[in-house]
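It should be emphasised that the depicted structure is a prediction, and the values quoted were computed from it without experimental measurement. Residue numbering restarts at 1 for every chain, and letters A, B, ... go by the order of the sequence lines.
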Amino acid sequence: MAESLINNLPGTRDLLPEELAGWHVVEDCARRIFRQYGFLEIRTPIIESTELFARGIGEDTDIVGKEMYTFQDRGDRSVTLRPEATASVVRAYIQNTLYRESGITKLCYFGPMFRYEKKQKGRWRQFYQIGVEAFGSDHPALDAEIIEMALRLMDSLGVQAKLLINSVGCRKCRTEYTKQLRQILQSELENLCDDCRRRADTNCLRVFDCKIERCRPVIGKLPVIAESLCDECSGHFSSVKTYLDGAGIAYEIAPGLVRGLDYYVRTAFEIVSGDLGAQNAILGGGRYDGLSEVIGGPPVQAIGFAVGLDRLTMVLPEEKRESGMWKPDLFIAYKGDAAFQKALHIARELRRLQQSCYLDFSAGSLKRQMRLANKIDAAHVLIIGDDELARDSYTIKKMEDSSQWEVTLEELAQYLQARGKQGKVR
RNA sequence: GUGAGCGUAGCUCAGCGGGUAGAGCUCUGGAUUGUGGCUCCAGCGGCCGGGGGUUCAAAUCCCCUCGCUCACCCCA
């Protein structure tokens, strides 16, 4: 095991074809739904200047402080493997002057992210996200639309999940609120657990998440940020809720929901699922109206979310996963060298006609080929032997019910095409 | 970074009051030499994660190390 050349790095992994079946189902579904809402794909580099993330995400965040894959390149630039994509997408949005387009610019992305963390259930050092970013509006209906789209994705995949929302206010009212909160916590230190004493200083909003019983009384008395917002933010939040209500979307207000990145303002939301262990968030997002300016762009209002693909595929129902698995519709089996030559010819012809088929050069006897066809769950086997060569027609066997009949090459192609049209073949 | 648990066949695991390895599944061959699944039979396959120590003897006991897993912190 310790022989390192044949081992991947900790926190990374190989995704084998069987596991990828579920991933493809999720990705296809996401592309379809995102398109329904007008999101178009953008691909940005997975490596960017360290400064982009440090400023964008926030110097004091855990991500920037201790989780980035940062190194000097040969040109002595400090570069970083992206720990998330929003900063990159905003950078691309500014650099390509997409803000000059009118209307809301909707972008989506798919790809790997990197964070140097300790491996855990639902957490990897290289993990994958699908995300969306909508630029150019702070209309609360946009917040609601984005959230609706996120839920539609979960629903289409048959994933049971709960929506948590909160408003973290703007810089102004959040600063005011956290100052107030910190003051109260300082006066209650003796009634808090060790973790919360630390949080009271470093990340006071996190206190709301504490599971320790002794902290409960104090937490119950704390003012909630959603009720301490300035008029503008408060109005925005209640509008978002109204739009969600109008869309028939159920949500839970989570006073302690603060995303771990500095750029979030106002709407913050998360979709959580059971069966995921401690890392139960499969989707997280929020509004980040000031981020563009932080990295040197014009004022841009924006909101987005990211889905943890690794976690989403973990809770994907089995039947959805199976629907993404590849199964050959036709396995071509042959006996003897003349039949082998014929098999090659038929395979070529079928593929030219846009049909797929599978034949194996290592299988040996006809029995072995049949066994292999069964094992890979082929729907049909085309059998070519001396009899078939003499007749110039072939035996096709339907594995499901063991029925078999004779077909010419033309009939075979027609049969496969008809099945494809009926949607029996992916 | 901290804590706990676990590393034995390709996979899941048993063996751990020391005597140099076993099962199920998988794989290969056969019963069935032009027909899969089911059944039966046989076979392949292990420096027991690595290193050191104790001992006549270590998968088993001790130490170190690497890796994996879960949890804390935090996040997707």
Side-chain angles (χ1 to χ4, degrees), chain A residues 1-4 6-11 13 26 57 60-68 82-86 111-131 150 161 193-196 198-199 202-203 205-206 209-212 257-261 270-273 276-285 304-315 331 333-336 339 362-389 394-404:
Chain A
M1 299 292 184
E3 300 301 320
S4 60
I6 52 165
N7 288 107
N8 58 315
L9 261 19
R13 65 201 162 132
V26 173
I57 297 168
D60 296 331
T61 59
D62 276 20
I63 292 178
V64 174
K66 58 183 190 187
E67 295 171 1
M68 296 208 299
R82 65 179 182 196
E84 57 106 43
T86 299
M113 308 294 157
F114 304 83
R115 291 183 200 171
Y116 193 89
E117 297 186 272
K118 196 102 162 200
K119 171 76 178 83
Q120 199 175 319
K121 185 179 174 121
R123 172 195 284 171
W124 289 266
R125 286 180 173 176
Q126 176 175 339
F127 60 103
Y128 297 81
Q129 291 187 332
I130 305 180
C193 68
D194 290 346
D195 274 343
C196 284
R198 186 178 45 73
R199 290 181 181 119
T202 59
N203 194 352
L205 290 165
R206 274 277 152 200
D209 280 346
C210 187
K211 294 131 197 153
I212 310 278
L257 176 58
V258 276
R259 324 248 60 265
L261 303 91
E270 202 166 273
I271 290 179
V272 297
S273 162
L276 266 178
Q279 266 61 47
N280 65 351
I282 54 185
L283 179 150
F305 67 72
V307 187
L309 253 183
D310 313 76
R311 292 180 188 174
L312 183 51
T313 54
M314 284 170 81
V315 295
F331 184 105
Y334 50 86
K335 177 173 161 42
S362 67
S365 70
L366 190 62
K367 177 204 273 292
R368 285 270 300 126
Q369 294 179 69
M370 291 298 293
R371 197 176 294 175
L372 183 59
N374 183 65
K375 193 183 163 70
I376 63 179
D377 213 10
H380 303 86
V381 176
L382 188 74
I383 299 168
I384 309 173
D386 295 337
D387 298 348
E388 285 80 4
L389 288 175
Y394 314 96
T395 301
I396 182 170
K397 177 164 185 170
K398 192 173 181 182
M399 297 298 270
E400 188 180 60
D401 59 8
S402 295
S403 63
Q404 59 183 57

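Distance alone, capped at 3.5 Å, is enough to place a donor-acceptor pair between the A:Arg125 side chain and the A:Glu117 backbone. For the pair A:Asp310 (side chain) and A:Gly122 (backbone), a donor-acceptor distance under 3.5 Å is absent. In this structure a side-chain-to-backbone donor-acceptor pair under 3.5 Å is present from A:Arg311 to A:Ala281. Looking at A:Arg115, its side chain never comes within 3.5 Å of a backbone N or O of A:Lys66 through a donor-acceptor pair. Without hydrogens or angle criteria, A:Gln369 side chain to A:Tyr334 main chain gives a donor-acceptor distance under 3.5 Å.
Rounded to whole Å, the C1' atom of B:G67 lies 22 Å from the corresponding atom of B:G53. Comparing the P positions of B:C74 and B:U69 gives a spacing of 22 Å, expressed to the nearest Å. Taking atom C1' in both B:G10 and B:U28, the straight-line distance is 14 Å, to the nearest Å. B:A58 sits 12 Å from B:A21 when the P atoms are compared, rounded to a whole Å. Rounded to whole Å, the separation between the C1' atoms of B:C73 and B:G1 comes to 9 Å. B:A23 and B:A14: their C1' atoms are spaced 7 Å apart (whole Å). Comparing B:C62 with B:G19, their P atoms are spaced 16 Å from each other, to the whole Å. Spacing between B:C16 and B:C6 at atom P, rounded to whole Å, works out to 15 Å.
Atoms CG (A:Asn7) and P (B:C68) sit 8 Å apart, rounded to a whole Å. Distance, A:Ile57 CD1 to B:C74 P: 17 Å, rounded to whole Å. Remark: C1' of B:G37 and CG of A:Asp401 are 13 Å apart, rounded to the nearest angstrom.
Nearest nucleotide to the side chain of A:Thr395, out of B:C74, B:C72, B:U35: B:U35. With distances taken from any side-chain atom of A:Lys335 to the nucleotides B:A71, B:G37, B:G34, the minimum falls on B:G34. The listed nucleotides are B:U28, B:G34, B:G37; the one nearest the side chain of A:Asn374 is B:G37. For A:Asp310, the side-chain atoms get nearest to B:A76 when compared with the rest of B:A76, B:G34, B:U35. Each of B:U35, B:C72, B:A76 was ranked by its minimum atom distance to the side chain of A:Lys397; first place goes to B:U35. Comparing atom distances between the A:Leu366 side chain and each of B:C74, B:U2, B:U35 picks out B:U35 as nearest.
Searching all strands for a Watson-Crick or G-U wobble partner of B:A4 with both distances below 3.5 Å returns B:U69. For B:C11, the paired nucleotide is B:G24, the pair qualifying as Watson-Crick or G-U wobble because both relevant distances are below 3.5 Å. In a base pair of the Watson-Crick type (N1 to N3 plus N6-O4 or O6-N4) or a G-U wobble (N1-O2 and O6-N3), with each distance short of 3.5 Å, B:U60 is matched with no nucleotide. Under the Watson-Crick or G-U wobble criterion, with both distances below 3.5 Å, B:U35 is left unpaired in every strand shown. Partner assigned to B:C47 is none, using Watson-Crick or G-U wobble distances below 3.5 angstrom. The nucleotide B:C16 finds no pairing partner, because no Watson-Crick or G-U wobble arrangement with both distances shorter than 3.5 Å includes it.
Residues A:Arg82 and A:Pro112 meet the side-chain proximity criterion, which asks for heavy atoms closer than 4.5 Å. Residues A:Trp124 and A:Lys119 form a side-chain contact, since some pair of their non-hydrogen atoms from C-beta on lies under 4.5 Å apart. With a 4.5 Å cut-off on side-chain heavy atoms, A:Val26 and A:Val307 do not count as touching.
Across all strands, A:Leu309 comes closer than 4.0 Å to no nucleic acid atom at all (heavy-atom distances). A:Lys118 comes within 4.0 angstrom of a nucleotide base, judged by non-hydrogen atoms across all strands. Within 4.0 Å of A:Glu117, counting heavy atoms only, lies at least one base atom of the nucleic acid. Note on A:Arg371: only backbone sugar-phosphate atoms sit closer than 4.0 angstrom, heavy atoms only; bases stay farther off. Residue A:Ile282 is in sugar-phosphate contact alone, with no base atom involved, counting any heavy-atom pair closer than 4.0 Å across all strands shown. Within the 4.0 angstrom heavy-atom criterion, base atoms lie near A:Gln404. No contact: A:Pro83 has no heavy atom under 4.0 Å from any strand. Residue-level contact check: A:Ala281 touches the backbone only, with heavy atoms under 4.0 Å from sugar-phosphate atoms and none from bases.
In this model, the phosphate group of B:A71 is not approached by any side-chain N or O of A:Lys119 to a distance below 4.0 Å at OP1 or OP2.
For A:Gly308 and A:Leu276, each mapped to the nucleotide of RNA chain B holding its nearest heavy atom, the one lying further toward the 5' end belongs to A:Leu276. RNA chain B is contacted by both A:Ala278 and A:Val307; A:Ala278 maps to the nucleotide lying nearer its 5′ end (nearest heavy atom per residue).
Considering OH of A:Tyr394 and CG of A:Leu382, their distance stands at 8.0 Å, rounded to 0.5 Å. With values rounded to the nearest 0.5 angstrom, A:Thr395 atom OG1 is found 5.5 Å from A:Ile383 atom CD1.
For residues 120-128 of chain A, proximity to RNA chain B is found at A:Gln120, A:Lys121, A:Gly122, A:Arg123, A:Trp124, A:Phe127, defined as any non-hydrogen atom under 4.0 angstrom from a strand atom.
Counting atom types as modelled, A:Gln279 pairs a side-chain N or O with a base atom of B:C74 as donor and acceptor under 3.5 Å. For B:U32, the base has a donor-acceptor partner in the side chain of A:Lys367 [N/O atoms by modelled type, under 3.5 angstrom].
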